[in-house]
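The structure appears right after this line, and notes come after that.
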Amino acid sequence: MTAQRSAFEASAVQAAATFTGIREELQKALEERAIVEQQMLQGFANNMDKL
């Protein structure tokens, strides 16, 4: 029983670390996308001002 508990706890820790990594990568990707979209929007606004 103790071995099962230890294995479960180790698995839970590994799963938590995996999900944390996924969350961090997703956050980074969203931040990078927001920067690109902001640049695109600014470029569009600049072009509209020229019309």
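Using a 4.0 Å cut-off between a side-chain N of Lys or Arg and a carboxylate O of Asp or Glu, Glu9 and Arg5 do not qualify as a salt bridge.
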Working for side chain to side chain contact (heavy atoms under 4.5 Å, CB included), residues Ile35 and Glu31: CA-CA 6 Å; Ile35 290 169; Glu31 289 170 357; 5.5 Å; no

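The hydrophobic cluster around Leu26 extends to Leu30, counting ILVMFWY residues whose side-chain heavy atoms fall within less than 4.5 Å of a member.
If you take CZ on Arg23 and CD on Glu25, they are separated by 11.0 Å, rounding to the nearest 0.5 Å. Interatomic distance, Glu32 CD to Glu37 CD, rounded to the nearest 0.5 Å: 12.5 Å. Here the CD atom belonging to Gln4 is positioned 6.0 Å from the CE atom belonging to Met1, to the nearest 0.5 angstrom. Considering CG of Asn46 and CE of Met48, their distance stands at 11.5 Å, rounded to 0.5 Å.
Judged by distance alone, the side chain of Thr20 and the main-chain N or O of Ala16 form a donor-acceptor pair under 3.5 Å.
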